[in-house]
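The block underneath contains the structure these notes are about, expressed in structure tokens.
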Protein chains: 2
Amino acid sequence: MGNSQNKDALDSALAGKGLRMTRQRALVYEVLMDEGDHPTADEVHRRVRRKMPTISLATVYNCLEKLVECGLIRQVNRDRESSRFCGNMREHGHFHCNICGAVFDVDLAEPVLEQLAPKRGFRVDHFDITFRGLCPACSQEQTAGNRRTG
Amino acid sequence: MGNSQNKDALDSALAGKGLRMTRQRALVYEVLMDEGDHPTADEVHRRVRRKMPTISLATVYNCLEKLVECGLIRQVNRDRESSRFCGNMREHGHFHCNICGAVFDVDLAEPVLEQLAPKRGFRVDHFDITFRGLCPACSQEQTAGNRRTG
DNA sequence: CTAGGTGCAAAAGGTTTGCGGTTAA
DNA sequence: TTAACCGCAAACCTTTTGCACCTAG
């Protein structure tokens with residue numbers, strides 16, 4: 001719950017971009033950092049409303065956009081599903097479970113990434129790596145199911 | 001333009017899924033293979049209409065969906081922009097230019113990919129690697145611009 | 001004080017769907 | 001012959017926008 005380290009990071013990041021600190025922005029950032037998961041804008045809205053029932057979805061979108069601009073959070077997209085947001089700013093990939101829909105962070109070996117980037121003339125600013133498949137829980141469940149049904 | 005190799009691949013892939021061959025599906029597949037680029041559904045529609053003026057956008061979407069299901073084409077998403085479609089089924093990544101918006105295929109070294117995948121319990125079925133930055137043309141143009149303006 | 005932010009409701013934009021008529025196998 | 005497919009238009013869903021009011025600095 002809202003530790004002061006997060007608040008400081010938010011303060012200085014906003015100040016660095018000439019943006020104001022507002023209660024809405026603080027709360028949006030807080031719920032993202034508290035859970036450390038990958039909620040949709042709608043889910044963020046739901047969580048923030050528990051602490052500020054009047055906040056609108058549009059404001060949540062606005063806040064998320066500013067936080068992304070400040071480099072405080074990342075936007076994670078899975079095909080055309082709702083965007084998800086993520087407070088982990090270390091370079092990492094994502095794993096999307098095809099059954100339960102959960103999103104997991106995947107650490108990446110740094111040197112490997114450089115080998116992948118296109119050479120000759122391209123200037124790479126950023127990359128995304130997304131894996132899909134079955135998470136440990138769903139994978140295990142499916143195996144158990146197969147065992148049962150033959 | 002519409003070579004018979006493509007047609008054969010389409011025929012057998014559709015048959016394999018119990019789907020019919022229709023003129024619409026053939027044309028959608030054809031324009032994708034002919035150009036070898038990464039058009040949006042809307043752009044595919046525009047191209048196909050040159051050969052079949054009555055085809056609807058909804059049908060193009062339906063055809064694209066079936067072709068993806070058949071494993072004949074891939075859907076390529078860049079954040080929440082329009083989906084793009086790609087006839088190159090080899091395992092590869094994509095580079096999106098932040099200036100001109102063009103999409104380029106990026107070959108990937110196979111052994112590198114295995115090193116990236118999450119271990120312990122995850123079952124990886126698929127992955128996407130997307131790079132962003134400046135393509136050779138835009139990169140060069142920007143460098144030239146900087147030289148001019150100091 | 002006032003530029004920037006919020007809340008609301010409506011619009012936008014891409015994609016999907018329901019339905020009556022058409023067609024490949 | 002008939003299940004699958006097409007074209008159309010309307011629905012859908014996420015995200016963005018315009019505007020009047022509010023508030024942090």
Side-chain angles (χ1 to χ4, degrees), chain A residues 7 10-31 38-46 48-49 51-70 72-85 101 103, chain B residues 7 10-31 38-46 48-49 51-70 72-85 101 103:
Chain A
K7 196 99 174 192
L10 178 58
D11 260 330
S12 56
L14 288 174
K17 289 271 181 179
L19 298 171
R20 288 188 191 160
M21 163 67 89
T22 65
R23 180 135 179 268
Q24 288 84 347
R25 285 173 183 171
L27 283 172
V28 166
Y29 187 52
E30 195 178 300
V31 302
H38 303 77
T40 61
D42 200 66
E43 173 61 21
V44 172
H45 184 217
R46 209 169 296 129
V48 173
R49 260 191 310 191
K51 298 175 182 177
M52 179 189 263
T54 61
I55 193 171
S56 72
L57 180 57
T59 294
V60 169
Y61 271 107
N62 287 333
C63 291
L64 288 169
E65 183 190 327
K66 296 304 178 194
L67 294 178
V68 170
E69 280 175 31
C70 289
L72 287 165
I73 65 174
R74 285 176 59 184
Q75 186 166 355
V76 181
N77 298 303
R78 172 192 162 98
D79 288 338
R80 311 219 93 256
E81 294 175 17
S82 307
S83 296
R84 291 165 178 275
F85 297 85
V103 180
Chain B
K7 197 100 175 192
L10 178 58
D11 260 330
S12 56
L14 287 173
K17 290 269 181 182
L19 297 171
R20 286 191 193 158
M21 164 67 89
T22 66
R23 178 134 182 269
Q24 288 83 348
R25 287 172 182 172
L27 284 171
V28 166
Y29 187 53
E30 195 178 301
V31 303
H38 303 77
T40 60
D42 199 66
E43 173 61 22
V44 172
H45 184 217
R46 209 170 295 129
V48 173
R49 259 191 311 192
K51 299 175 181 177
M52 179 189 262
T54 61
I55 194 172
S56 72
L57 179 57
T59 294
V60 170
Y61 271 107
N62 286 335
C63 292
L64 289 168
E65 184 189 325
K66 296 302 178 195
L67 294 178
V68 169
E69 280 175 31
C70 289
L72 287 164
I73 65 174
R74 285 176 59 184
Q75 186 166 355
V76 181
N77 298 301
R78 172 194 162 97
D79 288 339
R80 310 218 96 256
E81 292 175 18
S82 307
S83 296
R84 291 165 177 277
F85 298 85
V103 179

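Below, each value reflects all heavy atoms present in this structure, side chains not excepted, and no hydrogens, waters or symmetry copies. Just so we're on the same page: letters track the sequence lines, and every chain starts at 1.
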What is the distance, rounded to the nearest whole Å, between atom [atom1] of [X] and atom [atom2] of [N]?
X: B/Q75; N: C/dT16; atom1: CD; atom2: P; value: 8 Å
X: A/R84; N: D/dT14; atom1: CZ; atom2: P; value: 11 Å
X: A/D79; N: C/dG14; atom1: CG; atom2: P; value: 17 Å
X: B/E43; N: C/dG14; atom1: CD; atom2: P; value: 13 Å
X: B/M52; N: D/dC5; atom1: CE; atom2: C1'; value: 12 Å
X: B/H45; N: C/dG14; atom1: NE2; atom2: C1'; value: 14 Å
X: A/D11; N: D/dA24; atom1: CG; atom2: P; value: 13 Å
X: A/K17; N: C/dG4; atom1: NZ; atom2: P; value: 15 Å

Checklist entry - So, does the side chain of B/R20 form a donor-acceptor pair with the base of D/dA4 at under 3.5 Å? => result yes
Is the shortest side-chain N/O distance from [X] to OP1 or OP2 of [N] below 4.0 Å?
X: A/S56; N: C/dT6; result: no
X: B/T54; N: D/dC6; result: no
X: A/Q24; N: D/dT23; result: no
X: B/T22; N: D/dC6; result: yes

With sugar-phosphate meaning primed atoms plus P, OP1 and OP2, does [X] contact a base, only sugar-phosphate, or nothing at under 4.0 Å between heavy atoms?
X: B/N62; result: base
X: A/T40; result: nothing
X: A/T59; result: base

Item to check | B/L19 versus B/C70, closest heavy-atom pair with distance | outcome: CD1-SG, 3.9 Å
Checklist entry - So which heavy atom on B/D11 is nearest to which on B/M21, and how close? => result OD1-CE, 3.1 Å
Item to check | Nearest to side-chain heavy atoms of B/S82, which nucleotide of D/dT15, C/dG14, D/dT17 | outcome: C/dG14
Checklist outcome for this item: Picking from C/dT6, C/dT15, D/dT15, the nucleotide nearest the side-chain atoms of A/Y61 would be D/dT15
May I ask you to decide if [Y]'s main-chain N or O and [X]'s side chain share a donor-acceptor pair within less than 3.5 Å?
X: A/H45; Y: A/I55; result: yes
X: A/R25; Y: A/R20; result: yes
X: B/R80; Y: A/E81; result: yes

Next on the checklist: Judged by each residue's nearest nucleotide on DNA chain C, which is more toward the 5′ side, B/A41 or B/L19?
Outcome noted: B/A41
Item to check | Residue whose nearest DNA chain C nucleotide is more 5′ - A/R25 or B/L57 | outcome: A/R25
Item to check | Spatial distance of atom OG1 (B/T40) from atom CZ (B/R46) [nearest 0.5 Å] | outcome: 6.5 Å
Next on the checklist: Here's a test of your reading of the structure: between B/K66 and A/F85, which maps to the more 5' nucleotide of DNA chain D?
Outcome noted: B/K66
